[in-house]
Structures are given as structure tokens and as C-alpha cells.
Amino acid sequence: MDRVIRLGMLGCGTVGGGVATILAREADDITARTGAKLELTRVAVRDLDRDRGLGLPSEAFTTDPEEVVAADDVDIVVEVMGGRDPAGSLIRRALELGKPVVTANKELVAHEGPELFAAARAAGVDLAYEAAVAGAIPIIKPMKESLAGDRVERVVGILNGTTNYILTRMTEEGADYEAVLADAQALGYAEADPTADVGGHDAAAKAAILASLAFDTAVHADDVFTQGIESVNATDIRVADRLGYVIKLVGIASEADDRVAVRVHPAFLPKTHPLASVRGSFNAVYVEAWATGELMFYGRGAGAMPTGAAVVGDVIDVARNLLQTVRGPTESQHRAKSIRPIEELSTQYYLLLDVEDAAGVLARVATAFGEHDVSIAQVWQEGGGDSAQLVLITHRAREADLRATVESVTAIDSVRSVASVLRVEAEVFDS
Ligand code: NAP
Ligand code: HSE
């Protein structure tokens with residue numbers, strides 16, 4: 001076996017460290033599976049002084065990622081630095097130079113996917129991004145290849161490890177939000193800027209990528225209705241539990257009448273739904289397809305080694321294609337579809353109101369709901385005096401009507417604040 005394929009890696013943090021570790025530890029098997037030795041020749045980082053404990057020679061490291069992309073001894077570029085800039089221009093440059101690229105960068109793919117796919121097509125090389133969605137879970141390949149003969153109707157996923165870890169610990173231990181977020185950062189689950197995780201934007205990028213593949217169209221990150229978990233509180237979790245639900249940050253993509261709806265938000269899920277048992281940093285993607293029926297993909301959604309394994313799997317694929325001078329299967333975005341606005345969603349809602357504990361308050365709140373055609377299924381009061389709270393569960397209502405209701409309720413003098421509004425996804429996900 002004489003052939004060597006040389007890798008240039010942009011970034012060597014959590015994911016890059018996992019990639020380097022796997023390439024070193026599994027070198028013999030990887031060589032046998034690929035048909036060539038994979039050698040990590042160059043690595044771009046910001047801080048040259050940091051000891052990364054990976055056993056790579058110091059000459060391999062540089063602070064100049066452009067040098068790595070252009071180097072003669074780099075055949076495949078692995079982008080694990082994150083962010084849109086300069087990662088995007090570096091990937092474009094690599095493709096222009098005819099170098100295949102493997103990336104874990106969901107933010108970039110969800111914002112610039114169509115342009116990057118076109119650049120890869122023009123260059124006749126692969127652009128692979130399995131690690132960009134749901135960490136270790138093989139989901140890009142199944143969506144692009146295994147399900148190519150079917151019609152996907154809906155994808156529902158727990159797509160962010162950090163938020164699932166936080167919500168799991170808040171639910172099971174009553175843990176404090178800030179403390180658990182710090183743990184998620186220390187464990188390498190969170191993005192460099194964790195507001196992308198807790199604000200739902202990381203999951204939204206993944207949902208956009210999955211929706212694009214599922215519905216053969218280009219869904220942009222900005223097309224995804226996005227709400228994070230920052231305001232989920234202990235009362236929300238307790239009420240959900242009491243009613244037989246758990247709170248999860250879900251990404252839901254569906255298609256009807258050539259319109260695509262994609263949303264990411266915390267939701268009440270029935271404890272009996274398969275996604276309800278996905279705990280900690282695990283992710284899962286639940287797919288409903290016309291011919292196949294239901295499928296569920298489950299595994300670790302974040303962390304150095306699980307994500308590193310997904311990257312290395314792509315590197316092997318891309319290296320095999322390079323050896324055979326072919327390209328792997330490409331994205332099909334042949335159908336132009338519009339995005340259905342969130343206002344048209346119809347689902348049940350849970351609301352938590354901080355109110356004055358006085359006669360007539362409930363009647364005024366109920367009137368506001370009635371005026372906007374939102375029917376109340378359950379209502380009760382928690383606490384009393386200065387800390388009185390009203391809990392309301394609606395029947396299925398239109399999002400636009402619910403929003404108008406919230407506006408009216410907020411204007412009632414005796415309502416101090418609308419503390420929470422969460423969607424309640426019943427047995428079957430609503431549309
Ligand atoms: P990270 O730990 O912050 O690592 C980023 C790396 O890139 C660091 O080594 C950093 O150098 C380097 N870097 C950043 N900007 C650079 C620049 N301008 N020039 C040279 N080097 C630069 O991030 P990560 O968690 O590994 O994530 C990397 C990518 O994988 C992101 O796109 C992320 O969304 C994606 N991803 C992450 C996970 C996960 O579990 N963490 C899972 C799936 C996908 P220094 O080390 O010197 O600072
Ligand atoms: N920050 C991401 C998460 C990493 O928590 O899921 C995996 O994409």
C-alpha cells in the first residue's frame with residue numbers, strides 16, 4: 001500500500017482533537033478501509049503555544065489557515081474551526097483548488113449551502129458534512145442516499161446536545177440553568193458562543209439542513225422559526241410532568257402542498273413519544289416517510305470523539321472517491337418551494353401568567369382568550385397572594401390567534417407578565 005492521502009485541518013479544538021485522536025489510534029484499520037494511508041500533515045489554529053496533547057509535530061501547526069488550504073502536501077481539507085468567516089472563504093478556495101472538503105460547520109452549510117454545493121459541483125469534488133447535524137448520528141447519508149427512493153413527509157429531531165443536556169438535568173435533578181450550561185461547556189458540547197445553543201440557532205441550522213435534504217429544496221437558516229430554552233423555568237417543567245409531558249427543544253420540518261414549514265422551539269412532548277426518552281447530550285432524528293413509515297436515528301449529538309468519528313467517516317468516504325476520481329452523491333435541490341409562516345401553525349399551547357390574586361382576574365383572562373377564538377382546555381392557579389400564577393392549556397389553536405391573545409392578556413392590569421408560552425405537541429406532531 002503506497003498511496004498516501006494528506007489532510008489539512010482548519011481548527012484543532014474539541015472536534016479537531018477528536019479527529020486527530022481517531023486518525024492516530026485507528027490508523028491501520030482506516031488505511032485498510034480507505035485503500036490509502038491518511039496523514040494529517042497540516043493544522044491551523046489560533047494559539048500555537050497551547051499543548052494539545054495529540055502527538056503531532058509542532059511543524060504541522062500554523063496560524064495561517066490559507067497556507068493549509070493552498071499547501072501542496074494537502075489533498076483534502078477538513079474544516080473544524082467553525083463560524084461563517086473565514087471558514088466559508090477557505091472552503092471555497094479549497095474547492096477552487098480542486099480539493100475535496102469535509103466540514104462539521106452547520107452554521108455555514110445552513111446559510112451558504114447552495115453556493116458551496118455549486119462550487120463543489122463546478123470543481124468536481126466532494127463537500128461532505130455528516131458531522132454538521134446531530135454529531136455522531138449518521139443522518140446526512142441516510143437522508144441523501146438511503147431514502148432517495150422514498151418521499152419524506154416529516155422530520156422531528158432533538159438536534160442540540162447542549163440544550164438536551166440542560167433540560168434533562170433541570171428535569172431530573174432540579175438543577176440550576178446557569179450551572180448546567182457551564183457543565184455543558186466544560187464537556188465540549190456547547191458552541192464557542194453558547195447562545196447559539198440555548199437560543200435555538202444551532203438546532204435551527206441543523207433543521208434547515210435536514211429540511212433541504214428531506215424536501216429536495218433549499219431551506220435557509222433564516223427560514224426556520226426559532227425560539228430557545230432561555231426562559232424555560234422550573235414551573236414549566238413541573239407542569240409538563242404533572243400533565244404527562246417532558247419539555248424538549250425540538251426541530252420540526254414538514255411539507256404540504258409544496259410549502260415547507262420548519263420550526264425549532266421548546267415543546268411539551270408526551271412522555272410516551274420515542275423522542276421523550278432521549279436524555280443528556282444524546283440527539284435523535286425521527287423521520288416519517290411515505291413508503292418507509294417511521295424511522296428513528298439515535299446517538300450522541302455532540303462531543304469530541306462522537307463528532308470526530310463522523311468527520312473521519314466522511315474523510316474516508318471522500319478519500320475513497322479521490323482515489324477513484326469520482327464524486328459521491330450530491331444534494332438534490334430541484335424543487336422550488338415556499339416557506340409556510342409560523343402564524344399558520346395549529347397546535348395546543350401552555351401559558352403561565354403572573355397575576356394579581358384578585359376577584360375577576362380569571363374572568364378577564366378567559367374573555368381575552370374567547371375574543372381571539374382560542375379555547376381553554378384546562379386552567380388552574382398556582383400559589384397565591386403576591387406569587388399567584390395562572391396555568392392555562394389551550395385546545396388546538398392557530399399561532400396567529402394565540403399571539404393576539406397573548407397581546408390582549410398582557411394588556412390586562414391584573415396580569416403582571418406572561419411568563420411562559422410553550423407549544424404542546426400531542427400524540428401526533430401538529431401542523
Ligand atoms: P472549538 O473547540 O472552538 O475549536 C475551534 C478551533 O478552530 C480551535 O482549534 C481554534 O484555534 C481554531 N480556529 C478558530 N478560528 C481560527 C482562525 N481564524 N484561524 C486558525 N484557527 C482558528 O470548536 P469545536 O467545538 O471543535 O467546533 C468546531 C466546528 O464543529 C464548529 O463548526 C461546530 O459547530 C462544529 N461541531 C461541533 C460539535 C461539538 O460537539 N463541539 C459537534 C458537531 C459539530 P485555538 O485552538 O488555537 O483556539
Ligand atoms: N453545540 C452543539 C450541540 C454541538 O450542543 O449539539 C453539536 O453540533
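In this text, all values refer to a predicted model and were calculated from it rather than measured experimentally. Just follow the structure's listing: the first ligand is 1, and inside any ligand the first atom is 1.
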>> For a salt bridge (Lys or Arg N to Asp or Glu O under 4.0 Å) check, start with the C-alpha distance between D317 and R320, then their side-chain angles and the critical distance, and finish with the verdict.
In response: CA-CA 5 Å; D317 250 4; R320 284 172 178 155; 3.7 Å; yes

>> Assess the residue pair R6 and D75 against the criterion (salt bridge (Lys or Arg N to Asp or Glu O under 4.0 Å)); give the C-alpha distance rounded to whole Å, side-chain angles, the decisive distance to 0.1 Å, and a yes or no.
In response: CA-CA 5 Å; R6 297 150 312 172; D75 304 307; 3.0 Å; yes

> So D193 and T195, side-chain hydrogen bond (donor to acceptor under 3.5 Å, both in side chains) or not? Walk me through it.
Replying inline: CA-CA 6 Å; D193 174 3; T195 54; 2.6 Å; yes

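Here the shortest heavy-atom distance to atom 21 (N) of ligand 1, taken over D85, D49, V45, belongs to V45. Of the candidates G308, G82, A104, A104 brings a heavy atom nearest to atom 35 (C) of ligand 1. Considering each of G11, P65, A136, G161, the one bringing a non-hydrogen atom nearest atom 7 (O) of ligand 1 is G11. The heavy atom nearest to atom 38 (C) of ligand 1, considering only L90, V109, V15, is found in V15.
Counting atoms of ligand 1 from 1 in the listed order, those under 4.0 Å from a heavy atom of A302 are 40 (O). The A44 neighbourhood of ligand 1 comprises atoms 21 (N), with distances under 4.0 Å to a heavy atom of that residue. Near N105, with a cut-off below 4.0 Å to any heavy atom, the atoms of ligand 1 are 32 (O).
Protein heavy atom in closest approach to atom 36 (N) of ligand 1: K106 NZ, 3.6 Å. Nearest protein heavy-atom neighbour of atom 18 (N) of ligand 1: M81 CE, 3.5 Å. In terms of protein heavy-atom proximity, atom 3 (O) of ligand 1 is nearest to A192 CB, 4.3 Å. The protein heavy-atom contact nearest to atom 4 (O) of ligand 1 is G13 CA, 3.4 Å. Looking from atom 46 (O) of ligand 1 to the surrounding protein, the closest heavy atom is R52 NH1, 2.8 Å. Nearest protein heavy-atom contact of atom 9 (O) of ligand 1 is C12 N, 2.8 Å. For atom 28 (C) of ligand 1, the closest non-hydrogen atom on the protein side is V80 O, 3.3 Å. Looking at atom 33 (C) of ligand 1, its nearest protein heavy atom turns out to be E191 OE1, 3.3 Å.
L243 is listed as a side-chain neighbour of I393, based on a closest heavy-atom distance under 4.5 Å. The shortest distance between side-chain heavy atoms of D202 and K206 falls below 4.5 Å. A 4.5 Å side-chain heavy-atom check between M305 and I22 finds at least one atom pair inside the cut-off. A heavy-atom distance below 4.5 Å is not found between the side chains of Y349 and V424. Side-chain contact between D258 and E255: present, with at least one pair of heavy atoms (C-beta onward) separated by less than 4.5 Å.
Looking at D126, its side chain does come within 3.5 Å of a backbone N or O of G328 through a donor-acceptor pair.
Classification of the F268-Y245 ring pair by plane angle, with boundaries at 30° and 60°, yields tilted.
Here CZ of F282 is found 14.5 Å from CG of L275. Values are rounded to the nearest 0.5 Å. Interatomic distance, OH of Y129 versus CD1 of I91, reported as 12.0 Å (0.5 Å rounding).
Between R46 and ligand 1, at least one pair of N/O atoms sits closer than 3.5 Å. Some N or O of G188 is nearer than 3.5 Å to an N or O of ligand 1, by distance alone. Residue contacts with ligand 1: G303 is placed with a nitrogen or oxygen under 3.5 Å of a nitrogen or oxygen of the ligand (distance criterion only).
A salt bridge is absent between K141 and E130: the closest approach of a Lys/Arg side-chain nitrogen to an acidic carboxylate oxygen does not fall below 4.0 angstrom. Ion pairing between a basic and an acidic side chain is recognised when a charged N comes within 4.0 Å of a carboxylate O; R92 and E115 show no such pairing.
Using a non-hydrogen distance threshold of 4.0 Å, A131 registers as a contact of ligand 1. Distances shorter than 4.0 angstrom do not occur between any heavy atom of E107 and any atom of ligand 1.
Looking only at atom types and distance, the side chain of T163 has no donor-acceptor partner in the side chain of D197 under 3.5 Å away. Judged by distance alone, the side chains of T62 and R42 never bring a donor and an acceptor atom under 3.5 Å apart.
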Which protein N or O atoms sit under 3.5 Å from any N or O of ligand 2? Give atom names and distances.
unit_1: ligand 2; atom_1: 1 (N); unit_2: Y189; atom_2: O; d: 2.6
unit_1: ligand 2; atom_1: 1 (N); unit_2: E191; atom_2: OE2; d: 2.7
unit_1: ligand 2; atom_1: 1 (N); unit_2: D197; atom_2: OD1; d: 2.7
unit_1: ligand 2; atom_1: 5 (O); unit_2: N160; atom_2: ND2; d: 3.4
unit_1: ligand 2; atom_1: 5 (O); unit_2: G161; atom_2: N; d: 3.3
unit_1: ligand 2; atom_1: 5 (O); unit_2: T162; atom_2: N; d: 2.8
unit_1: ligand 2; atom_1: 5 (O); unit_2: T162; atom_2: OG1; d: 2.6
unit_1: ligand 2; atom_1: 5 (O); unit_2: Y189; atom_2: O; d: 3.0
unit_1: ligand 2; atom_1: 5 (O); unit_2: D197; atom_2: OD1; d: 3.4
unit_1: ligand 2; atom_1: 6 (O); unit_2: N160; atom_2: ND2; d: 3.4
unit_1: ligand 2; atom_1: 6 (O); unit_2: G161; atom_2: N; d: 2.7
unit_1: ligand 2; atom_1: 6 (O); unit_2: K206; atom_2: NZ; d: 3.2
unit_1: ligand 2; atom_1: 8 (O); unit_2: K106; atom_2: NZ; d: 2.5
unit_1: ligand 2; atom_1: 8 (O); unit_2: K206; atom_2: NZ; d: 2.7

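There is no protein heavy atom less than 4.0 angstrom from atom 23 (O) of ligand 1.
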